[in-house]
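Encoded as structure tokens, the structure appears first; notes follow it.
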Amino acid sequence: MEIRKSNKMQNVSYDIRGPVAALATKMEREGTPIIRLNTGNPAAFGFKPPKYGDILTNQLQLTAAYSDAKGLMAAREAIAAYESSKGIPNINIENVFTGNGVSELITMSLQALLNDGDEILIPTPDYPLWTAAARLAGGTVVHYLCDEAACWFPDIDDIRRKITPHTKAILVINPNNPTGAVYPREILESICDLARQHSLLIFSDEIYDRLLMDDAEHIAIAALAPDLPVVTMNGLSKSHQLCGFRSGWMVLSGNLSGIDDYLDGLTVLASMRLCSNVNAQAIIPAALADPHFSRDTLLPGGRLYEQREQAYVGLKNIPGISVVKAKAGLYMFPKLDIEMLRINDDNQFVLDLLREKHVLLTHGRGYNWDAPDHFRIVYLPKKDVLADVIVRLQDFLSIYRQY
Ligand code: PLP
């Protein structure tokens, strides 16, 4: 008997945990230690999460029950207060949804929005869950360019050129995964102008908004658009190093006069999954009472800051690699000089690196980047491990050629 996946799965992929990562797991099972630089999972690298044991124990009666489909009132109030503190206007508690991570809310929000053939503008490179979820929902993804030569900021002219009568929404990932960019006000304002002119719904994925370094300032795009509907997403996976809790949220803000029907769709989808994990919701008020839990790791001398320095300096000194320094988040998206290095397949490159040097990276095209000339690196491991990775990568590239 042959069971085949549905046609809906065509062009749906998530390479961060794809076939190369599966090979790494197999190699580990067979006894080969692998340095995994594929997922932004801080606790797996020894970053200590806050302890919420008391909250979880004392509220067992509450958390053992299903909550309201949108989430516990106390969690939603804390979320509304946090997002309002970022200048986001007109947040009604009824328009705050908790989710099993931002991941679930991405899928829900696109399922509720997109008809077959509706277009959504998504950045390239992207966090690929967005592209996968939009396609699964029947949407047509149109990728707009983030420009490496301009600090990886969105190219506004490229966005403008790609808007059609079928474009329904635009996604901003700020701070960005995989590039580590933080967008300035002018760029966000230009995106708002385009959304205004063409009646686009704005999605903003801000899960790295509390992982800022240097002088970076995060501006919530919803704060610049009180006259537009904006869907802002965020969660505790990265800021509180709680990826495994699956604690995320989504807030609809601004001018919501025309979106009752969409909200109705979202409410049906939220109800169909009954509710999100209630333990993960129960800790939100305490977590958002201390939103900058990771602050110390991001300052000079702090672990994440120093690891970013180590990765950046190490990478840029490897012949054939150039890299824009991340200002936030957990990743950089270095460029390979593919002519000099004679590489024409980035997936093969990460596969061969894994087999020979036991380092797991993800290839740039996994982020819907269309040339085989980038990869993403996670700078969560300690400095000595990163130093080792740099040596292995440099050794590998000094002799590796694909043609
Ligand atoms: N959005 C971005 C940009 C991410 O990088 C990630 C995870 O890496 C997510 C969303 C998913 O986060 P969550 O753990 O809340 O599902």
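Just follow the structure's listing: the first ligand is 1, and inside any ligand the first atom is 1. Along the sequence shown, the residues carry numbers beginning at 1.
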*May I have all residue pairs that pass ring-ring contact (aromatic ring centres under 6.0 Å, His included) and include part of residues 201-243, sequence neighbours excluded?*
W130-F203, Y208-Y331, H240-F293

*Side chains of Y400 and D352, donor plus acceptor under 3.5 Å*: yes

*Could I get the full list of salt bridge (Lys or Arg N to Asp or Glu O under 4.0 Å) partners for D290, not counting sequence neighbours?*
none

_Using a 4.0 Å cut-off on heavy atoms, what residues surround ligand 1? Order them by chain and number._
G101, V102, S103, Y127, I173, N177, D205, I207, Y208, S237, K238, R246, Y331

*Does any pair with a residue in residues 81-113 pass ring-ring contact (aromatic ring centres under 6.0 Å, His included), and if so which ones, sequence neighbours excluded?*
none

*Might you confirm whether atom CE of M340 has over 12 heavy atoms from other residues, nucleotides or ligands at distances under 6.0 Å?*
yes

*Is there a donor in the side chain of S204 and an acceptor in the side chain of T232, or the other way round, less than 3.5 Å apart?*
no

